[in-house]
There are 2 protein chains.
Amino acid sequence: MVKPAKASASHAAPAARAYHHGNLRQALLEAALVLAQQRGPEGVSVREAARQLGVSPGAPFRHFPNRRALMTAMAEEASARLQIEVRKAIRPRDKTPLARLRALGRGYLQWARAHEAHFRIVSARDQIDLAGSPGLQASMQAVRALTEQTLHEAQAVGEVSLAHDAAALALLSRATVYGLARMQLDGHLPQWGVKPGGEAAATEATLALLVKLMAAGASGAPAA
Amino acid sequence: MVKPAKASASHAAPAARAYHHGNLRQALLEAALVLAQQRGPEGVSVREAARQLGVSPGAPFRHFPNRRALMTAMAEEASARLQIEVRKAIRPRDKTPLARLRALGRGYLQWARAHEAHFRIVSARDQIDLAGSPGLQASMQAVRALTEQTLHEAQAVGEVSLAHDAAALALLSRATVYGLARMQLDGHLPQWGVKPGGEAAATEATLALLVKLMAAGASGAPAA
DNA sequence: ACCTGAACACCGTTCAAGT
DNA sequence: ACCTGAACACCGTTCAAGT
C-alpha cells in the first residue's frame with residue numbers, strides 16, 4: 001500500500017526514497033494479512049510482502065527470525081482481538097449463565113466469519129509456533145477460562161445438572177463451536193443441508209441446540 | 001521404499017535399472033504419505049518424492065496434473081478408509097440408535113488418532129480439491145448419511161425428542177466429533193485440562209456426554 | 001506410453017557489504 | 001540500527017527430446 005515509486009535513473013542520488021522503511025515490522029504484518037486474505041495462510045510469502053513494500057528479500061528477517069515467527073505474530077494479534085470480541089459479545093441482557101455461554105459461542109462464530117483470514121491463521125497449527133508464544137497461549141486460555149467459569153456458574157445456579165463433569169462440558173462447548181467455525185469456513189455446511197447464505201443461522205441454531213440440551217437435564221433452576 | 005541402487009559406473013550400459021518404474025503412481029502416493037507422516041501435509045514435496053523413487057522431477061506430472069491432484073488422491077484413499085472404519089466401529093451389541101451414534105463417533109475419533117497424517121490430509125481443505133473429487137465427496141456424504149439416519153432412528157424410537165431439529169442434531173454431532181478430532185491432533189487438549197495420554201479417554205467421554213444430553217430430553221423410550 | 005533433463009519462475013534464509 | 005543484493009538450496013511445472 002505504501003509502495004514507493006522506483007528511482008528512475010541509475011546514476012542519480014537515491015534521495016527520493018527513504019533508506020529504510022521506519023515501520024517495516026508493522027507494514028510486513030499488514031501486507032502479510034492482505035496476502036492471507038487473498039490466498040489463505042499458506043499463500044503468505046515473505047518475499048512477496050517485501051516486494052510489495054519495496055524492500056529487499058532479506059529485510060524482513062531483521063524483524064522476524066523466520067516466516068513462522070511472522071505468522072505467529074499475526075496469530076497473536078488475531079487471537080487478542082478474538083478474545084476481546086468474544087467478551088464484548090456477552091451483553092448485560094444475557095442474565096443467566098447459559099445465555100452468556102450461548103452469546104460467547106455466537107461471538108466466536110461471528111468473529112470467525114467476519115475475520116476469516118485471521119481465524120484461519122490462529123487455527124493453522126503447522127504455520128505458527130503456539131508453544132513458543134506465551135501471548136497466544138494466554139489469549140486462548142482467557143477464552144477457555146471464560147467458558148469454564150460460565151459453565152460452573154450454570155451448574156451452581158442449577159441451570160445445568162451437577163451430574164455432568166465440568167471439564168467435559170467445557171470441552172464439549174469448545175469442540176462444538178470450533179468444529180462449527182471450521183465447517184463454516186471450509187465449506188462443509190452445504191453438504192449438511194445448509195443452504196448458501198444460511199451458514200450463520202445454521203451454526204447459531206446448532207449452538208442454541210447444544211445449550212438447550214445442556215439445560216434439559218437440570219433440576220433446580222429458578223425459572224423454566 | 002523401492003529405492004533402486006544407483007548405477008555404479010557411468011560408462012557401462014544402464015541395464016541394471018528399469019527405464020520406467022512400472023508403478024510410479026502408486027509409489028508416489030506411498031512416498032507422499034511417508035512425507036506427510038514425517039512433516040505434515042504441507043511438507044509433501046513432489047520433487048522430494050520423485051527423488052526418493054529415483055525418477056526425474058518431471059515424472060510425477062505424467063500421473064498427476066499437479067501437486068494438488070496428488071494430495072487429493074491421497075485424501076480420496078484416506079476418506080474411503082475412514083468410511084469403512086466408521087462403519088466397522090458399529091458393533092451388533094450397539095442395539096439402540098444412540099449407542100450406534102456413539103460408536104460411530106468413537107470410530108471416527110479413533111481413526112483420526114491412529115491415522116493422523118491421513119486425517120490431516122482429508123481436512124486440509126486448501127491442499128486438496130474437494131469440489132473436483134466426486135469420490136471424496138461421496139465418502140464424506142456416506143458418513144453424513146449414516147449420522148443422519150441414525151439420528152432419525154433415535155427420534156423414531158423415542159430415544160431423542162422429536163422437538164429437536166434433525167438437521168441441527170446431525171450438524172451438532174458432526175461438529176463436535178470433528179472439533180474433538182482436530183483439538184486432539186492439534187495439541188489443544190492439554191490446555192483444556194486433559195493430561196498427556198488421556199486424549200482418547202477425554203474425547204470419548206465428551207462424546208458420551210453429548211449422547212447423554214441428547215437422550216435426556218426424550219419422552220417415550222422403551223427402556224431407560 | 002512413459003520418462004529424462006534442462007529450463008523457468010518462484011520460494012525461505014544467510015551474510016558480507018553498504019548507509 | 002537497519003537495509004541491500006548476491007548467493008544457496010530449495011520448490012512446482014513445462015516441454016522438447018529420448019527410449
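Every chain is numbered from 1, with letters handed out A, B, ... down the list of sequences.
Remark: P of D/dT13 and CZ of B/Phe64 are 12 Å apart, rounded to the nearest angstrom. Atom pair A/Gln52:CD and C/dC10:C1' shows a separation of 15 Å (rounding to whole Å applied). Atom-to-atom, NE2 of A/His63 to C1' of D/dC3 comes out at 8 Å; the value is rounded to the nearest Å. Residue B/Leu28 contributes atom CG, which lies 14 Å from atom C1' of D/dG12 at whole-angstrom precision. In this entry the distance linking CG of A/Leu24 with P of C/dT19 reads 19 Å, nearest Å. In this structure, CE of B/Met71 is placed 10 Å from P of D/dG12, rounded to the nearest angstrom. B/Asn23 has its CG atom 12 Å from the P atom of C/dC2, to the nearest Å. When the P atom of C/dC8 is taken as reference, atom CZ of B/Arg47 falls 14 Å away, rounded to whole Å.
Ion pairing between B/Arg100 and B/Glu153 holds under the 4.0 Å rule for side-chain N and carboxylate O. A salt bridge is defined here as a Lys NZ or Arg NE, NH1 or NH2 lying under 4.0 Å from an Asp or Glu carboxylate O, and B/Arg113 with B/Glu204 meets this definition.
Distance from the side chain of A/Arg62 is smallest for D/dC3 among the nucleotides D/dC3, D/dT13, C/dT13. The side chain of B/Val46 lies closest to D/dG12 when the candidates are D/dC3, C/dC3, D/dG12. Proximity note for A/Ala59 (side chain, C-beta onward) versus D/dG12, D/dT4, C/dG5: the nearest is D/dT4. Nearest to the side chain of A/Val55, among C/dG5, D/dT4, C/dA7, sits D/dT4. Relative to the side chain of B/Phe61, the nucleotides C/dT14, D/dG12, D/dG5 differ in distance, and D/dG12 lies closest.
In this model, the phosphate group of D/dC10 is not approached by any side-chain N or O of B/Ser45 to a distance below 4.0 Å at OP1 or OP2. OP1 or OP2 of C/dC11 lies within a sub-4.0 Å distance of a side-chain N or O belonging to A/Arg51.
Rounding to the nearest 0.5 Å places CZ of A/Arg182 at 4.0 Å from CZ of B/Arg182.
For a distance-only test at 3.5 Å, the side chain of A/Arg67 fails to qualify as a donor-acceptor partner of the base of C/dG12.
Pairing of C/dT14, defined by two Watson-Crick or G-U wobble distances under 3.5 Å, is identified with D/dA6. With a cut-off of 3.5 Å on both pairing distances, the Watson-Crick or G-U wobble partner of C/dA1 is D/dT19.
Between A/Arg106 and A/Leu207, the closest side-chain pair of non-hydrogen atoms falls below 4.5 Å.
Using the six-membered ring where Trp is involved, A/Trp111 and A/Phe119 have ring planes that are perpendicular, over 60° apart on the 30 and 60° scheme.
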